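I have a structure I would like to understand better, so I am pasting it below and will then ask my questions one at a time.
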There are 2 protein chains.
Amino acid sequence: MRWDDVNTQVCSMARTLAIVGDRWTFLIIRDITLGNRRFTSMHKALGITKHRLTDRLTRLIEHGVVYKQCYDEARQRFEYRLTEKGLDLYPVLTTIVQFGDKWEADEDGVPLEHVHKACGAVTQPYLACSECHEPIHAREVRAQLGPGIRRKLERGETFGIQGRYYPASLEKVKAR
Amino acid sequence: MRWDDVNTQVCSMARTLAIVGDRWTFLIIRDITLGNRRFTSMHKALGITKHRLTDRLTRLIEHGVVYKQCYDEARQRFEYRLTEKGLDLYPVLTTIVQFGDKWEADEDGVPLEHVHKACGAVTQPYLACSECHEPIHAREVRAQLGPGIRRKLERGETFGIQGRYYPASLEKVKAR
DNA sequence: CTCTTGGGTTTCATTTTGGAACCTTTAATC
DNA sequence: GATTAAAGGTTCCAAAATGAAACCCAAGAG
């Protein structure tokens, strides 16, 4: 399957990755988050080529994740900023950074620390259950069919790859 | 910069993305998480070519995220499973899925639901502060230099892209 | 009036992907 | 006993994505 078709899957991960799932996009968004919002500045800081950067920013704008804001009318200079949708990627950024902090840091320690302004502490955010508010770990969660797939099945629609709906293991998920 | 050099950055995100930051890897890990652990099965379900799948699994094994477990000695058949390190990617997977559920679901609703076994409820995990346990949002967090960068600066080391340490906007971060 | 800066576009070589065919070993079937 | 069918790859080639470098253009600065 061509990568361009990946977002046709009935899968929230595939659809999200169709927007941000390439080499550079997360780094671009991270830089914008940290205040590095201008074209040339990102180009230099990230080591991404201008070509690629133009391309990725355009795509992010198309998907409503980033918008362009003019900061110099005369010269038509722009800053790239995150939309509300873009800010919603923050949990993804944070969890990626935390994984790196835990498993890939060198002996000097973590590159950056994150201060929670509300309480003033250096924080290492964790995932909590929306219902019981306890921390959540991989093995404590079970997936089940949601309406997005259930309704399509009820209508007798075929979807997914070669008529098998997706993710592949849903037969098992259903059976459990 | 060549992508292969991205993990030389002093940046937890760059280092993590050097492992999982390509088109297919997250989908592979998601499938393994959902119980789809065999080569041919993943190949068919994901629509990834065998070639690419071999390549990605090999890389994940090299990085200690996945291991191969024999389930049929005679025929030398294997299952791919997540290591402890691999399980630590779960928060990343979850937050990616949540973004997709919120912004990219169609009118039928979310494809999958996630049940927190401990409390039995369908959960939509959120990020909480490790110190005050309140929910954390993008605008409530401020980055500051951590030991991994501070110590290198104190020793007078140059690092990052062209001697500028990374992320680019750390000058600003420092100044704040 | 020339130089620099920001923000790009164009061109072209190199890498990475995708698709398909092929290989090998063990089991299952006729 | 020969034939066929998985499972799990590998090989080969064409197509697409990427990276490096050069070029462009407008507005200010000197």
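Chain identifiers are assigned alphabetically (A, B, ...) following the order of the sequence lines, protein sequences preceding nucleic acid strands; residue numbering begins at 1 within each chain. What you see is a predicted model; the values in this text were computed from it and never measured.
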For this session: Taking atom CD of B:Q124 as the centre, report whether more than 12 heavy atoms of other residues, nucleotides or ligands fall under 6.0 Å from it.
Result: no
Exercise. Between A:Y80 and A:R23, which has a closest nucleotide on DNA chain C that is more 5'?
Worked result: A:Y80
For this session: Starting from P on D:dG28, measure out to CD on A:Q76 and report it in whole angstrom.
Result: 11 Å
Problem set entry | Integer-rounded Å distance: C:dT16 C1' and B:L53 CG | 16 Å
Exercise. Salt bridge or not for A:E84 and B:R139, using N-O below 4.0 Å?
Worked result: yes
Problem set entry | Residue B:Y71, side-chain heavy atoms: nucleotide from C:dG6, C:dG18, D:dG8 that is nearest | D:dG8
Exercise. Under 4.0 angstrom, heavy atoms only, what part of the nucleic acid is A:H51 near: base, sugar-phosphate, or nothing?
Worked result: base
Problem set entry | A:R77 CZ - D:dA27 P separation (whole Å) | 9 Å
Seminar exercise, completed: Of the listed D:dT18, D:dA7, C:dT17, the closest approach to the A:R56 side chain comes from D:dT18
Exercise. Between A:W24 and D:dT18, is there a side-chain N or O to OP1/OP2 distance below 4.0 Å?
Worked result: no
Problem set entry | Whole angstrom value for the distance that separates C1' of C:dT24 from CZ of B:F78 | 14 Å
Problem set entry | Short side-chain N/O contact from A:K68 to OP1 or OP2 of C:dG8, under 4.0 Å | yes
Exercise. Between A:D72 and A:T49, which is nearer to the 5' end of DNA chain D once each is assigned its nearest nucleotide?
Worked result: A:T49
Exercise. Between atom CZ in B:R38 and atom P in D:dG9, what is the gap in whole Å?
Worked result: 13 Å
Exercise. Within 45 degrees of the axis of the six-membered ring of B:Y71 and under 6.0 Å from its centre: does B:R38 put its NZ or CZ there?
Worked result: yes
Seminar exercise, completed: Between CG of A:D55 and C1' of C:dT11 the distance, given in whole Å, is 16 Å
Seminar exercise, completed: Note: for A:K50 and A:R2 on DNA chain C, the residue whose nearest nucleotide lies more 5' is A:K50
Exercise. So, is B:R75 close to the C:dT25 phosphate, meaning a side-chain N or O under 4.0 Å from OP1 or OP2?
Worked result: no
Exercise. Thinking salt bridges, do A:D106 and B:R151 make one under a 4.0 Å N-O criterion?
Worked result: no
Problem set entry | Pair A:D108 + B:R155, salt bridge at N-O below 4.0 Å | yes
Exercise. Does a nitrogen or oxygen in the side chain of B:T40 sit under 4.0 Å from OP1 or OP2 of D:dG8?
Worked result: yes
Problem set entry | Value in whole Å for how far the C1' atom of C:dT17 lies from CH2 of B:W3 | 16 Å
Problem set entry | Interatomic distance where CG belongs to B:D4 and P belongs to D:dG19 [whole Å] | 9 Å
Exercise. Between A:R52 and D:dT18, does any side-chain N or O lie under 4.0 Å from OP1 or OP2?
Worked result: yes
